[in-house]
Amino acid sequence: MQRRFTAGFAAAAAAALVLTGCSAGSSAGDGQSEDSLTWAMWIAGKEDKAAWQEVADTVQTDDDVDVTIQGSPFNDYWTKLRTQLSTGTAPCIVSIQSLRTANYTDVLVPIDDMVEKAGLDLSEYDQTGLDGMKVDGELYGLPYDTGPMLMFYNKDIFEEAGVAEPEPGWTVDDFEAAAEELKAAGTPIWGTSVEDIPLESMILGYNGGRVIDEDGGLDAENADFAEGLDWIGGLVEDGYATQASTDPSADDNAFVSGDVAMYSDGPWSIISQKAKVQFDLGITTMPSGTDGPSSYAAGSGFGIAKQCEFPEQAFAAISTMTNEATLTSLAEQGRAFPARTAAQQAWYDNAGIDGVEDALQTALDDATPLPGNKQSDQLNQLFAQYALQAVNGQTSGKETMSSIASQLGSQ
């Protein structure tokens, strides 16, 4: 999974790598045959390319099917995929984010019958990861990673300010008390983000407000969500949090540079952030002010395009690509948190961060999948335009969400 604004769904703004090519004996112009399939994946650099090539090689070894990767940088991936799907040149195997699954049900094959026929035990997958691949109760992919939104924190800043480190399960009251102490010591507690999953998770934890309901329906004028925007706006006004920025990496950059004590991100970024920061990295849960879920979870997986002429071979391939051995190998390399529960300990061992297992397990227990919606991409764009104004004190949360609703046609 890369944060949509970097991803995980690790940064996606790496050098563009487009890996194309068709194996000998492939059919038509799409590079597909019974023993040679194409796979579309976002690729974020040489190390990323090498890791995913190992996954493709595993399919060759286990299933005797040659899988050719078509790689694109994350931000280009979705545009290229839609073009391929609309021109009849789609790959057989499609990498998909849980947040975007609802946007692709018209071109992906529901795989429930294939799962049953193959006798695949879905109980071995993390339930939040599976739920993220479902739309209207139908499964459209097998997840390879999952994870709840978390709070990354700078242990050095907390120690120097004499503020107790935030423990998993902490509350909004705890968060606000720490914010006051850290402000007195000269550092805002939180790097504000108006990107979808960190913003929506922060408000979900605060008061349960949500603009996408459990069934994926849009509720853009949700009063609790508007109230949550006003709460974040109050944090900014009081100097407890930074002003929101049009730069989607501003919160991340402020954290790495030590200008804020905390920011929100997912487990997909933990390993890369540990290597990047020059301080002791801590991980805890999102603060919760309600008895309900305190964070959203999201993830990514592999589905099968309707255009694929060999769905059974593609299903065998994605089963191998998400089996315990494959995901354990990815976990040992520091890839995103695996959607196979048996592979998760390998990820914890590789992370090497004190308290990360407790924080992540607590967050998983309290998290709820963030459903996709066919307008979720547009919603995220509108957050960047309108929610930014709300948290920076230029409009109220109610006015902001009314403007967003009108743009989405929700009024």
Side-chain angles (χ1 to χ4, degrees), residues 4 98-99 102 127-128 131-132 134 146-151 166-179 189-190 192-236 238 240-241 244 262-266 284-299 359-373 375-376 379-380 382-383 386-388 390-391 395-405 408 410:
R4 182 180 286 174
S98 60
L99 302 181
Q127 189 60 51
T128 57
D131 288 346
K134 292 180 180 178
T146 187
M149 210 63 189
L150 299 161
M151 294 290 267
E167 296 184 358
W170 69 325
T171 66
V172 168
D173 288 342
D174 297 330
F175 172 79
E176 292 178 339
I189 192 170
W190 189 54
T192 304
S193 173
V194 292
E195 299 293 332
D196 48 8
I197 190 168
L199 178 69
E200 291 177 61
S201 291
M202 198 70 168
I203 293 175
L204 181 74
Y206 171 65
N207 67 356
R210 54 190 302 167
V211 290
I212 298 179
D213 63 31
E214 295 179 3
D215 297 323
L218 196 62
D219 183 14
E221 292 193 273
N222 182 276
D224 289 335
F225 192 86
E227 181 183 329
L229 282 177
D230 290 332
W231 171 65
I232 295 175
L235 295 174
V236 173
D238 292 338
Y240 299 140
M262 310 186 81
Y263 89 112
S264 306
D265 208 336
T284 192
T285 55
M286 301 291 290
S288 177
T290 71
D291 293 331
S294 61
S295 180
Y296 281 116
L360 193 42
Q361 285 298 324
T362 300
L364 280 169
D365 289 343
D366 293 335
T368 184
L370 176 58
N373 178 280
Q375 292 180 284
S376 57
L379 175 64
N380 192 41
L382 293 170
F383 278 153
Y386 292 103
L388 182 144
V391 301
T395 62
S396 70
K398 183 177 180 180
E399 291 169 337
T400 291
M401 297 315 296
S402 179
S403 296
I404 289 177
L408 294 171
S410 301

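Counting from 1, the numbers follow the sequence of the chain as shown.
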Peer 1: Do the side chains of Pro369 and Lys134 get nearer than 4.5 Å, heavy atoms only?
Peer 2: no
Peer 1: Between Asp224 and Gly208 (side chain of the first, backbone of the second, donor and acceptor by atom type, cut-off under 3.5 Å), is there such a pair?
Peer 2: no
Peer 1: What orientation do Phe225 and Phe383 show, parallel under 30°, tilted 30 to 60°, or perpendicular over 60°?
Peer 2: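 Because their plane-to-plane angle is under 30°, the rings of Phe225 and Phe383 count as parallel.
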Peer 1: Search all heavy atoms of Ala298 against all heavy atoms of Ile197 and return the closest pair with its distance.
Peer 2: CB-CD1, 3.7 Å
Peer 1: Nearest 0.5 Å, please: how far is CE in Met149 from CG in Asp196?
Peer 2: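 Answer for the CG-CE pair, Asp196 versus Met149, is 8.5 Å.
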Peer 1: Tell me, please, which residues at least two apart from Tyr296 pass ring pair (Phe, Tyr, Trp, His ring centres under 6.0 Å).
Peer 2: none
Peer 1: State whether the side chain of Ser201 and the backbone N or O of Pro198 hold a donor-acceptor pair below 3.5 Å, judged by distance alone.
Peer 2: no
Peer 1: Would you confirm whether Thr285, through its side chain, and Gly169, through its main-chain N or O, come within 3.5 Å as a donor-acceptor pair?
Peer 2: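 Between the backbone of Gly169 and the side chain of Thr285 there is a qualifying donor-acceptor contact (under 3.5 Å).
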Peer 1: Please walk me through it: do Trp231 and Val172 pass side chain to side chain contact (heavy atoms under 4.5 Å, CB included)?
Peer 2: CA-CA 11 Å; Trp231 171 65; Val172 168; 3.8 Å; yes
Peer 1: Rounded to the nearest 0.5 Å, how far apart are OH of Tyr386 and CD of Glu399?
Peer 2: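 Interatomic distance, Tyr386 OH to Glu399 CD, rounded to 0.5 Å: 12.5 Å.
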Peer 1: Just wondering, do Leu370 and Leu204 contact through their side chains at under 4.5 Å, heavy atoms?
Peer 2: no
Peer 1: Backbone N or O of Ser294 within a donor-acceptor pair of the Asp366 side chain at under 3.5 Å?
Peer 2: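 It does not hold such a pair.
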Peer 1: Show your working on side chain to side chain contact (heavy atoms under 4.5 Å, CB included) between Glu195 and Asn380 and close with a plain yes or no.
Peer 2: CA-CA 6 Å; Glu195 299 293 332; Asn380 192 41; 3.4 Å; yes
Peer 1: Does Ser402 use its side chain to pair, donor to acceptor, with the backbone of Lys398 at less than 3.5 Å?
Peer 2: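 No, the answer is negative, given that no donor and acceptor are paired below the 3.5 Å cut-off.
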Peer 1: If you take all heavy atoms of Leu150 and Ala363, which pair is closest and at what distance?
Peer 2: CD2-CB, 3.6 Å
Peer 1: Answer yes if the ring centres of Trp190 and Tyr240 are under 6.0 angstrom apart, and no otherwise.
Peer 2: no
Peer 1: Please determine which of Asp219, Asn222, Val211 meets the side-chain contact (heavy atoms from CB on, under 4.5 Å) test together with Met401.
Peer 2: Val211
Peer 1: Nearest 0.5 Å, please: how far is CG in Leu229 from CD1 in Ile404?
Peer 2: 7.5 Å
Peer 1: Side chain of Gln375, backbone of Leu218: donor and acceptor closer than 3.5 Å?
Peer 2: no
Peer 1: Compare every heavy atom of Thr192 with every heavy atom of Ala241, then report the nearest pair and how far apart it is.
Peer 2: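 Taking every non-hydrogen atom into account, CB-OG1, 3.4 Å.
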Peer 1: Go through the side-chain N and O atoms of Asp174 and Thr171 and say whether any donor and acceptor fall under 3.5 Å apart.
Peer 2: yes
Peer 1: When rounded to the nearest 0.5 angstrom, what is the spacing between CG in Leu235 and CD1 in Ile189?
Peer 2: 9.0 Å
Peer 1: For Ile212 and Pro371, which heavy atoms make the closest approach, and how far apart are they?
Peer 2: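 Heavy atoms of Ile212 and Pro371 come nearest at CG2-O, 3.7 Å.
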Peer 1: Looking at Gly217, is its backbone amide N or carbonyl O close enough to the side chain of Asp215 to form a donor-acceptor pair, meaning the two atoms are under 3.5 Å apart?
Peer 2: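 No; zero donor-acceptor contacts below 3.5 Å.
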Peer 1: Indicate the atoms forming the closest heavy-atom contact of Pro148 with Ala367, along with that distance.
Peer 2: CB-CB, 3.8 Å
Peer 1: List the atom of Ser396, the atom of Ala390, and the distance in Å for their closest heavy-atom pair.
Peer 2: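 Residues Ser396 and Ala390, closest heavy atoms: O-CB, 4.3 Å.
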Peer 1: Give a yes or no answer on whether the side chain of Thr400 reaches the backbone of Ala387 with a donor-acceptor pair at less than 3.5 Å.
Peer 2: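 No, the answer is negative, given that no donor and acceptor are paired below the 3.5 Å cut-off.
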Peer 1: Using 0.5 Å steps for rounding, measure from the CG atom of Asp230 to the OG1 atom of Thr395.
Peer 2: 8.5 Å
Peer 1: Return the CG to OG1 distance between Leu364 and Thr128, rounded to the nearest 0.5 Å.
Peer 2: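 The OG1 atom of Thr128 is 5.5 Å from CG of Leu364, to the nearest 0.5 Å.
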